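Remember, predicted model here, so these are calculated numbers, not experimental data. Proteins come first, then strands; the chains are lettered A, B, ... in the order of their sequence lines, and each starts at number 1.
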There are 2 protein chains.
Amino acid sequence: MSLRYALLGLLAEQPASGYDLTQRFEQQLATIWPAKHPQIYGELSRLADAGSIEIDSEGPRGRKVYRITDAGRAEMRRWLTEEPVDHTMRIEPILRSLFYWLMEPDDLERHLEREAAYYREQAEVFKQVAAAKDRGDYGDAPHVKSMRITVEAGIRLYEALADWAEWAETASSGRSCEMPRVDAGEPFASRTDELLKGFGTD
Amino acid sequence: MSLRYALLGLLAEQPASGYDLTQRFEQQLATIWPAKHPQIYGELSRLADAGSIEIDSEGPRGRKVYRITDAGRAEMRRWLTEEPVDHTMRIEPILRSLFYWLMEPDDLERHLEREAAYYREQAEVFKQVAAAKDRGDYGDAPHVKSMRITVEAGIRLYEALADWAEWAETASSGRSCEMPRVDAGEPFASRTDELLKGFGTD
DNA sequence: ACCCAACATGTAAGTAGTGACATGTCGAAC
DNA sequence: GTTCGACATGTCACTACTTACATGTTGGGT
């Protein structure tokens, strides 16, 4: 469902063709919300059927440029303000970490080094973009400001993952496994306790 | 595909039924890798067909306890060491941030407050679990150490998102939009430049 | 004796997303 | 004038995942 609104949102910036949008997903959104052309073209057809977007113009090679309609803009705003946020997160490398105990120490160390390097590089890419935006390279249109916020999320997320992978390296290498103590602070009531139960081994 | 290995990994710890595994996914893994019972039962059947797991014992109400086989353990190790990590990340709230410029300032502020609160609470839950593990509540079996690493990822990730949401609040509220400058450091070569291109507005 | 919540396993229909295939066009370089 | 890479749109089959439906058991409380 989210892709539908991603397309609607991008078309709220400016008209674009399926090809244009595919490029943008490949180049800018690959790490945020990957999408390939078959899904994009399909979703565009459905958005057009629903009247949320319409053909703006047609070009060579069957190129079809879409633009958002008033109904589409309204639908987008409805989604943003009324539709509950989906906090689902599936990060395979984190799932993998549950099973680190099954790996040979050498394999694990190699794995964690690569992971840290990957995350660090991604963070660096986002930082470069942020710096460019802060320099004003992209102007100060409203959607550029929003993108600056999105990019900040990328920086912080990948930085956090890189730090985590590096921490895990030292945490795993010392076989006497000295974990830095976490300060638990005030124990929580109700909700947290509920979420907590069953977090044991069995 | 990942669920398959998640189940295999959990069964490497100890035998369990589909029901047991469903409980564990609901209670411990809901935020890491959500999975519902229909998918779990289906995957277990396929794992059994493939010989990666086998029936350990049967209980009342048709309960079937599975255990991992040697072939299954080998397959799990192969996945961990040889299969390339899938870094795909789809975080809807971050996608949404691209379109913050379409929201009314009041709606946006409410949204960001809720997001920050949600992430902060999740981080707190993970911290509680980490503290319990550090106290030694769950023993020091190898898989408990791994889980401690996984939990650390949860803490850092949700903490980062909470900080981000709070930062975004102040960044959006000041309508003169004073973004903290990002220090770009040394500009990158090749790979980063490639990833960077097209990160503009159009 | 009965009821009900928790236990326990499944099927079926549908959505979201991927990878491979298919097709054709235009512009620029050689 | 031809070749080739980028442009441009689509279908099809498949995997992953979700929601709703379906069914039956067992143990504990009243």
Mind calculating the distance between [atom1] ([X]) and [atom2] ([N]) to the nearest angstrom?
X        : N       : atom1 : atom2 : answer
Gln27(B) : dA6(C)  : CD    : P     : 12 Å
Asp49(B) : dG10(C) : CG    : P     : 11 Å
Leu44(B) : dG10(C) : CG    : P     : 9 Å

Is it the case that the side chains of Glu115(A) and His87(B) hold a donor-acceptor pair, with the cut-off being a distance below 3.5 Å and no angle test? yes

Hey, is [X] close enough to [Y] for a salt bridge, meaning N to O under 4.0 Å?
X         : Y         : answer
Lys64(B)  : Asp56(B)  : no
Asp134(A) : Lys127(A) : no
Lys36(A)  : Glu26(A)  : no

Glu104(A) atom CD: more than 12 heavy-atom contacts under 6.0 Å: no

Mind checking whether His111(A) and Tyr100(A) have parallel, tilted or perpendicular rings, split at 30° and 60°? perpendicular

The criterion is salt bridge (Lys or Arg N to Asp or Glu O under 4.0 Å); which residues satisfy it with Arg78(B), sequence neighbours excluded? Glu75(B), Glu83(B)

Between dT25(C), dA8(C), dT9(C), spot the one nearest the side chain of Arg61(B), thanks.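 Nearest to the side chain of Arg61(B) among the choices is dA8(C).
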
I'd like a table of atom pairs between the protein and nucleotides 16-18 of chain C - only N or O on both sides, under 3.5 Å - with the distance next to each one.
from, atom 1, to, atom 2, distance (Å)
dA16(C), OP1, Met1(A), N, 2.9
dG17(C), OP2, Gln39(A), NE2, 2.4
dG17(C), O5', Gln39(A), NE2, 3.3
dG17(C), O3', Arg90(B), NH2, 3.1
dT18(C), OP1, Arg90(B), NH2, 3.0

Which is the 5'-most and which the 3'-most nucleotide of DNA chain D that has an atom under 4.0 Å from a heavy atom of chain B? dA16(D) to dT26(D)

Name the residue closer to the 5' end of DNA chain C, choosing between Gln23(B) and Tyr66(B) according to the nucleotide with the nearest heavy atom. Gln23(B)

Rounded to the nearest 0.5 Å, what separation is found between the CE atom of Met147(B) and the CG atom of Leu29(B)?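 So the gap between those two atoms works out to 7.5 Å.
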
